[in-house]
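The structure displayed is predicted, hence computed values, not measured ones.
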Amino acid sequence: MNEYYDNETFTKKVFTDAEISKTDFDSCTFKNCDFTDMHIVNSEFLECDFIDCNFSNARLKDSSFKEVHFIDSKLLGVRFYEVDPFLLRINFSNCQLNYSSFYQLKAQNFQFVNCSIQEVDFTESDLQFSYFDDCDLLGAIFESTDLRNANFKTARNFSIDLELNTVEKAIFSKDNVVNLLEKYKIKIH
């Protein structure tokens, strides 16, 4: 039997069950909730907000996230490539996404604002029109990644190989364009 929650607010809830399965959340707000190590399977989150939540090491197998916002949340080691890609749309503000993976995920139009995205794997993902505003991308992996029209104007610490990625019409600032030349080991003064 599927569970359904509409327009509810969950505050300081620690999800202790081993799994959330076949549950739909529509226009719900989660504040200070803990989903650490949770297995969220075949569930849907539609127009939900997660504020000050912890999703570290959560498994999101075949779950959908449509028009979802993560704000001031911790999402360490999350395998986003396991989500249902249909109508996928997630925005992140002031979040920690370190060690997560978007491998082969179609993540167009995602917004990352003031996020720590260190050591994140974007290999073979489609990030067209995504926006990385004031984000730290130290050690993030971009390989065979579609970055057309992505905005890195205020991003920092990234290393993007122009020969291994599609970067047509991507936006960079004069200050961070040097990150595109890193592999050539040249000095710019």
Side-chain angles (χ1 to χ4, degrees), residues 45 49-50 53-189:
F45 297 88
D49 291 327
F50 295 91
C53 292
N54 189 348
F55 264 82
S56 295
N57 297 312
R59 299 286 308 269
L60 310 175
K61 188 77 173 153
D62 298 320
S63 291
S64 60
F65 291 80
K66 301 171 184 173
E67 297 299 329
V68 170
H69 299 271
F70 287 97
I71 302 160
D72 298 318
S73 293
K74 188 184 291 187
L75 301 109
L76 304 177
V78 176
R79 299 177 197 157
F80 288 99
Y81 60 84
E82 294 183 331
V83 302
D84 179 352
F86 184 69
L87 297 176
L88 177 66
R89 182 70 185 263
I90 304 174
N91 292 320
F92 303 94
S93 296
N94 303 312
C95 291
Q96 296 178 36
L97 293 148
N98 303 344
Y99 311 108
S100 292
S101 179
F102 292 83
Y103 175 71
Q104 292 186 331
L105 186 66
K106 186 173 183 176
Q108 294 181 355
N109 294 300
F110 275 33
Q111 290 191 14
F112 301 89
V113 178
N114 194 33
C115 293
S116 179
I117 310 174
Q118 296 180 3
E119 306 290 334
V120 171
D121 186 3
F122 290 109
T123 301
E124 297 179 23
S125 59
D126 182 350
L127 294 168
Q128 290 183 69
F129 297 97
S130 289
Y131 184 48
F132 295 87
D133 181 23
D134 194 27
C135 292
D136 185 355
L137 290 152
L138 184 68
I141 302 167
F142 295 95
E143 189 172 312
S144 299
T145 307
D146 191 342
L147 298 169
R148 288 179 287 172
N149 297 291
N151 189 330
F152 290 89
K153 190 173 180 179
T154 59
R156 62 190 178 283
N157 298 325
F158 58 84
S159 179
I160 298 173
D161 188 327
L162 296 173
E163 296 170 21
L164 298 177
N165 298 284
T166 306
V167 294
E168 188 176 307
K169 296 185 181 177
I171 300 168
F172 301 93
S173 71
K174 291 177 186 174
D175 294 331
N176 70 14
V177 76
V178 70
N179 294 324
L180 303 173
L181 305 172
E182 186 176 292
K183 89 175 212 175
Y184 299 108
K185 310 266 189 248
I186 59 176
K187 294 180 181 179
I188 300 172
H189 294 276

Report yes or no: does N165 contribute a side-chain atom to a donor-acceptor pair with the main-chain N or O of V167 at less than 3.5 Å? no
Find the distance between CD (E82) and CG (L105) and round it off to the nearest 0.5 Å. 11.0 Å
I'd like to check the ring pair (Phe, Tyr, Trp, His ring centres under 6.0 Å) partners of F110; sequence neighbours left out, ordered by chain and number. none
Side chain proximity check, E119 to N98, heavy atoms < 4.5 angstrom: no
Would you tabulate the side-chain donor-acceptor contacts of residues 83-91 under 3.5 Å, counting partners in other chains and residues two or more places apart, or write 'none'?
| from | atom 1 | to | atom 2 | distance (Å) |
| --- | --- | --- | --- | --- |
| D84 | OD1 | F86 | N | 3.0 |
| R89 | NE | N109 | O | 3.2 |
| N91 | OD1 | Q111 | N | 3.2 |

Is there a donor-acceptor pair under 3.5 Å between the side chain of S130 and the backbone N or O of L127? yes
Rounded to the nearest 0.5 Å, what separation is found between the OG atom of S116 and the CG atom of L75? 11.5 Å
Spacing of CG belonging to L164 relative to CD1 belonging to I141, to within rounding of 0.5 Å: 12.5 Å
Which residues satisfy the salt bridge (charged side-chain N to carboxylate O under 4.0 Å, His left out) test with D146, sequence neighbours excluded? R148
Does a donor on one side chain and an acceptor on the other come within less than 3.5 Å for Q128 and D126? yes
Among N179, D175, D134, find the residue that satisfies the side-chain hydrogen bond (donor to acceptor under 3.5 Å, both in side chains) test when tested with R156. D134
Begin with the C-alpha distance, continue with both residues' side-chain angles, and end with the deciding distance and a verdict on side chain to side chain contact (heavy atoms under 4.5 Å, CB included) for F80 and L60. CA-CA 7 Å; F80 288 99; L60 310 175; 4.3 Å; yes
Locate the shortest heavy-atom distance separating Y99 from V120; write the atom from each residue and the value. N-CG2, 4.0 Å
Which pair of heavy atoms, one from S100 and one from L97, lies closest together, and at what distance? OG-O, 3.0 Å
Indicate the ring-plane relationship of F50 and F55, choosing parallel, tilted or perpendicular according to the 30° and 60° boundaries. perpendicular
So does F70 get a backbone contact from the side chain of S73, meaning a donor-acceptor N/O pair under 3.5 Å? no
Would you give the length of the straight line joining atom OH of Y81 to atom OG1 of T123, rounded to the nearest 0.5 angstrom? 11.5 Å
Please give me the minimum heavy-atom distance between C95 and D72, naming the atom from each residue. SG-N, 4.0 Å
Which residues pass the ring pair (Phe, Tyr, Trp, His ring centres under 6.0 Å) test with F158, not counting sequence neighbours? F152, F172
Output all residues satisfying side chain to side chain donor-acceptor pair (under 3.5 Å) with Q118, sequence neighbours left out; order by chain, then residue number. D136
Sequence neighbours excluded, which residues qualify as ring pair (Phe, Tyr, Trp, His ring centres under 6.0 Å) partners of F65? F45
Closest heavy-atom pair and its distance - K174, V177: O-CG1, 3.5 Å
Heavy-atom nearest pair, T154 first then F132, reads OG1-O, 3.8 Å
In terms of the angle between their ring planes, are F102 and F122 parallel, tilted or perpendicular, with boundaries placed at 30° and 60°? parallel
According to salt bridge (charged side-chain N to carboxylate O under 4.0 Å, His left out), who are the partners of K61, at least two apart in sequence or on a separate chain? none
Interatomic distance, CZ@F129 vs CG@N149, rounded to 0.5 Å, equals 3.5 Å
Quick one: list whatever passes side chain to side chain donor-acceptor pair (under 3.5 Å) with S159, sequence neighbours left out. E182
Residues that N57 engages under side-chain contact (heavy atoms from CB on, under 4.5 Å), provided they are two or more places apart: D37
S144 side chain vs E124 backbone, donor-acceptor pair below 3.5 Å: no
Between D133 and K153, does at least one N-O distance fall below 4.0 Å, as a salt bridge requires? no
Please name all residues satisfying salt bridge (charged side-chain N to carboxylate O under 4.0 Å, His left out) with E67, sequence neighbours left out, ordered by chain then number. none
Residues in salt bridge (charged side-chain N to carboxylate O under 4.0 Å, His left out) contact with E163, at least two apart in sequence or another chain: K183
Distance-minimising heavy-atom pair for N94 and C115: N-SG, 3.9 Å
Which residues pass the side chain to side chain donor-acceptor pair (under 3.5 Å) test with S101, sequence neighbours left out? none
